[in-house]
Structures are given as structure tokens and as C-alpha cells.
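Sequence lines set the chain letters: A, B, ... in the order given, protein chains first and strands last, and positions in each chain run from 1. These numbers come from a predicted model, not from an experiment.
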Amino acid sequence: MPNIEIKNLDKTFLAKDGTLVEAVKNANLEVKSKEVVVIIGPSGSGKSTLLRCVNKLEIPTGGSIVVDGINITSKQTDIRKVREEVGMVFQAFNLFPHLTALENITLAPIKVKKISKLEANKQGLALLERVGLSEKAQSYPAQLSGGQQQRVAIARSLAMEPQIMLFDEPTSALDPEMIKEVLDVMTDLAKSGMTMLLVTHEMGFARAAATKVIFMDEGTVIEEGTPDQLFDHPKNKRTKDFLDSIL
Amino acid sequence: MSPIENRKANKIKHEEIRRYKIIQMTDGVLIPKKNDGSVLNSWRVTFIFSIALLFTLVVFFPDPYRKIFLFVITGIPVTFQATICAIIGAVLIGTLTGLGAVSKHKIINIISGVYVELIRGIPLLVQLIFIYYALGRFFSLDGMLSAIIALSICFGAYMGEIVRAGIQAIPKGQMEAAIALGMSRAQAFRFVILPQTLKIVLPAIGNEFISMLKDSSLVSAIALSDILKRGREYISRTFLSLETMLIVALVYLTITLLLSWLVGKLEERMNENA
């Protein structure tokens with residue numbers, strides 16, 4: 001059963017001016033199999049840092065993270081094996097600009113999973129169809145709109161057949177009219193039973209698709225609950241203030 | 001261009017790369033600019049001048065200029081052979097050095113850093129002669145091969161800086177996306193970072209090629225029968241030093257101008273595709 005258990009997570013780093021920044025402080029969080037967990041909170045509250053610790057794009061400075069039964073904070077763990085199981089979608093898409101949409105999707109399966117090019121292409125085209133971009137297989141990222149790029153990026157992550165998907169503000173860099181097409185793909189994915197952990201400012205999506213919502217502030221988890229509980233009856237004052245400020 | 005000027009130009013070039021994340025051409029070679037549509041741009045004026053002068057001298061003053069010309073141009077293939085082989089060597093060394101400079105291993109970092117500092121701190125002519133004699137002492141290599149190796153080692157350092165700047169110009173998200181997909185850092189470099197770097201640094205490599213073509217004349221002091229050496233051979237026979245060097249200079253100038261035009265075209269195509 002794929003799940004994520006984050007216990008007492010700390011992440012501090014040295015800022016450019018020499019000050020110590022505590023991005024995440026003693027954060028606890030659990031994502032069960034097939035859950036869709038949305039992290040919300042003000043900017044600079046450590047949401048993205050927490051998310052990036054889950055596939056070790058950031059190295060935690062304290063606490064533990066167990067992904068699918070594997071303690072990734074232990075030194076013996078081969079993080080690459082974990083990363084194959086955990087897909088990630090970035091705010092800035094980060095598609096490979098020198099490769100076509102299809103090549104973007106097939107690169108990792110061919111090089112990491114060592115499947116044949118033929119098989120990878122077949123799978124890649126099916127994924128492009130799933131995100132509604134069959135006709136863009138031969139387009140380069142620069143020829144695609146932001147929404148299309150993000151959908152290709154989602155397909156690229158799915159090509160590794162991950163058990164868990166991480167989304168780091170996937171719609172924040174998009175023009176308003178393109179947000180929906182990306183959220184639709186994410187909603188479909190949630191419905192298909194994918195375990196998902198997201199950082200997003202799309203409260204509508206959180207309310208509709210999330211099984212659990214987490215409110216973070218100043219590096220700590222302040223409150224968690226079902227969307228109804230958290231959005232309609234927040235217990236903590238900081239949660240209330242934050243929701244008042246954005247809704 | 002002297003090694004010191006060269007170094008200075010390189011330094012400026014790298015500052016600019018870091019600031020604007022593009023490779024600027026600052027090697028002092030005249031690069032025709034696309035937007036400079038006027039008939040009298042500096043590249044054209046220089047090119048027409050050099051061709052006209054060369055043509056006039058060779059056609060209307062066969063003695064001694066045509067003789068000199070015919071003698072000197074036999075060095076062109078040698079110059080090109082040395083330059084082309086050495087640029088390939090320099091790109092290979094430069095890629096390794098550039099990767100070393102961005103490596104996470106401190107030791108590899110320092111090795112590539114020391115190599116670059118060492119090369120940049122010694123005049124090119126001194127390095128070339130030193131490497132040539134060192135190669136001659138320990139391995140018995142012929143002049144051409146020694147020259148190629150010496151030029152590769154010298155230019156590899158500058159190339160390494162270009163590659164490093166090129167790698168650092170690639171957004172961080174590219175590496176993150178690649179490793180998030182389960183690739184190793186080596187795979188990420190090979191399939192994601194370096195192909196993009198190559199595209200950025202190609203005009204700069206072209207520029208280094210022109211630089212090297214000129215600096216390869218330094219090797220004639222020791223080993224190669226290149227354009228300059230042929231000229232000096234001619235002088236030693238006829239004592240027509242000024243006439244011969246005029247032809248030698250014009251031959252170099254014409255080749256360099258043609259190549260810089262080619263590099264300009266290359267850069268244009270790159271910009272169109274970007």
C-alpha cells in the first residue's frame with residue numbers, strides 16, 4: 001500500500017545573507033493509499049519545501065519520511081528507486097525543451113526502466129491521449145501553451161507508473177483560462193485512485209477532489225481535516241485568518 | 001590576440017554569460033551582425049579590402065607576391081588539420097573540465113579548477129613550447145601530433161569555462177525534473193543537460209575555433225609547417241621579409257573573416273531555432 005508518513009520533519013538552510021532559515025519545523029503528516037491530500041498556506045510557509053523533501057529534492061535536516069514502507073531519510077536507501085515510484089509535477093513545468101512532447105514522456109522509461117523504444121512510444125501516445133494532447137506528440141515544448149506543457153509534464157511523470165504523485169503548485173504559473181484544463185487532468189487522476197500530495201492555491205479543486213486538507217504556516221502543520229471541516233469550520237485562528245484573506 | 005588579451009576577453013565573456021545567460025562573442029573577431037544591413041559594415045569593408053589587396057598583389061605583381069602566395073598557401077591544410085583536430089580535443093577536454101567544475105565531488109572540482117587556473121596563468125606560447133618538449137622527452141611523437149595535443153590542452157581550459165557557463169545557464173528545474181523521474185545525475189547530464197548546453201555553446205566553440213586558428217601560428221615556432229612557418233621558410237631563402245609577411249597576414253585575415261562570417265550565420269540559425 002503506497003503511503004507517506006512524515007514525522008517531526010525539520011528543514012533548515014543557510015540563506016545567502018548567512019541567516020539560518022527554518023523552512024520546515026517539526027512537521028507531521030500522513031498520506032494514506034489513494035488519498036488526495038492538499039497542503040494550503042501562505043507563501044513562505046514551507047509547503048513546497050515539505051513536498052520537495054518527499055522525493056529528496058531537498059535533504060531534510062531532521063525527522064523521518066517513510067515512503068511506501070521505505071525510510072528515505074536513512075543513508076542506506078537508494079533514493080533513485082523511491083523517485084521511480086514517486087512522480088513530481090513542477091510549477092514551472094520543467095519540460096525538456098530539446099525534446100518533443102513524446103520524447104519528453106519516453107526518455108525516462110527508456111533510460112531508467114530500460115523498456116524498448118517501441119513500447120515506450122506506445123505507452124507515451126496513450127498517455128498523451130489521456131491528457132488530451134494526442135495531436136501534439138511531435139511538438140516541442142516551446143510550441144505548446146502553458147496548460148498544454150503542464151499536461152505533458154503530468155503525462156511524463158505518469159510514464160514511470162508511479163504509486164504516488166506530488167504536485168508543486170501546478171497551476172500557479174498558468175494563465176487563468178488554462179488552469180481548468182490542468183485541474184481536469186488532475187481530477188481524473190484523483191478519481192482513478194492515484195495517491196496524491198499537492199501544494200496548490202486552487203481552493204475549488206481542494207474542496208472538490210481532496211480527501212484531506214492540511215494548513216501550514218511558518219513551517220509547521222497547524223491544522224488538518226476534511227475539506228468541509230477545514231474550509232467551513234476551521235478551529236485554529238490562523239487557519240481562519242488565512243481563509244478569510246483569500247476567499 | 002595575445003594570451004593575456006585572450007584571457008581578458010574570455011573573462012568578460014563569462015561574466016556576460018552569467019549575467020545574461022547567453023554566450024556572447026567578445027573575441028575581437030569581427031562578426032557580421034544580421035541587423036547591420038548597410039553595404040558598408042565593418043566586416044564587409046575589411047573583407048573587400050583584404051581580398052582586393054591579395055588579388056591585386058598576386059595578379060599584378062607576380063614577382064615576388066604570386067610566388068610567395070603559392071608557397072605560403074601550402075601551409076593552409078596543415079593549419080586547418082591542426083586546428084580542426086585540436087578543437088575536437090579541446091571540446092572533449094572542455095566537456096570533462098566543465099562537468100568537473102559543476103561536480104558535487106570536491107576533489108574533482110578542485111582538479112578541474114586547478115587545471116583551468118594553471119592554463120590561464122601561463123602564456124600560450126610558453127605552454128605550447130613546454131608541452132611540446134615534455135611530449136618529446138617522454139613520448140616520441142611527431143610535430144603535428146604534439147601540436148594538436150598541446151593546443152587541445154591549452155584551449156581545453158578555456159573551453160571548460162565555456163562549457164561550465166553553458167551548463168550553469170540551464171535552469172535548475174531541468175536537473176530536478178530529470179532526477180525526479182528516477183534518472184541518475186550522470187544520465188541527467190547526458191540526456192538532458194549536455195544536449196541543451198551544446199546548443200548554447202556552439203557559437204562560442206566556433207569563436208574559439210577562429211581564435212585557435214590564429215594561435216596555431218604560435219606552434220609554427222616549434223613544430224608545424226603551417227602558413228606562418230612556410231612564410232618564414234620563404235624569408236630565409238629570399239630575405240623578402242616584409243613582402244612575405246604581408247601575404248601571410250592577408251591569408252590569415254581572409255580565412256578568419258570567412259570563418260567569422262560562418263560563425264555569425266551559425267549563431268543566427270541558433271537564435272531562430274530558440
**Report entry** Nearest non-hydrogen partners of A/His98 and B/Phe191, listed with the distance
**Finding:** NE2-O, 3.0 Å
Report summary line: Under a 4.5 Å heavy-atom criterion, the part of residues 180-189 of chain B in contact with chain A comprises B/Ala180, B/Leu181, B/Gly182, B/Met183, B/Ser184, B/Gln187
Query raised in the report: Where does A/Phe90 contact chain B at under 4.5 Å (heavy atoms): side chain, backbone, both or neither?
Result: side chain
Query raised in the report: Should we count CG of A/Leu14 as having more than 12 external heavy atoms under 6.0 Å?
Result: yes
**Report entry** Any pair counted as salt bridge (charged side-chain N to carboxylate O under 4.0 Å, His left out), so long as it reaches residues 44-55 of chain A, sequence neighbours left out
**Finding:** A/Arg52-A/Glu58, A/Arg52-B/Glu176
**Report entry** Members of residues 93-111 of chain B whose heavy atoms come closer than 4.5 Å to chain A
**Finding:** none
Requested in this report: Could you check which of A/Met160, A/Lys81, A/Arg80 has the highest count of heavy-atom pairs closer than 4.5 Å to chain B?
Outcome: A/Arg80
Query raised in the report: In terms of heavy-atom pairs under 4.5 Å with chain B, which of A/Glu84, A/Gln91, A/Arg156 leads?
Result: A/Arg156
Query raised in the report: Can you say whether A/Leu95 sits under 4.5 Å from chain B via the side chain, the backbone, both, or neither, judging by heavy atoms?
Result: backbone
Query raised in the report: Between A/Met88, A/Lys111, A/Glu85, which residue shows the highest count of heavy-atom pairs closer than 4.5 Å to chain B?
Result: A/Lys111
Query raised in the report: Would the number of heavy atoms belonging to other residues, nucleotides or ligands and lying under 6.0 Å from CD of A/Glu129 be above 12?
Result: no
Query - Portion of A/Val89 that has a non-hydrogen atom of chain B nearer than 4.5 angstrom - result: neither
Report task. Give a yes or no on this: more than 12 heavy atoms of other residues, nucleotides or ligands lie within 6.0 Å of atom NZ of A/Lys113. Result -> yes
Query raised in the report: Can you name the side-chain contact (heavy atoms from CB on, under 4.5 Å) partners of A/Glu135, sequence neighbours left out?
Result: none
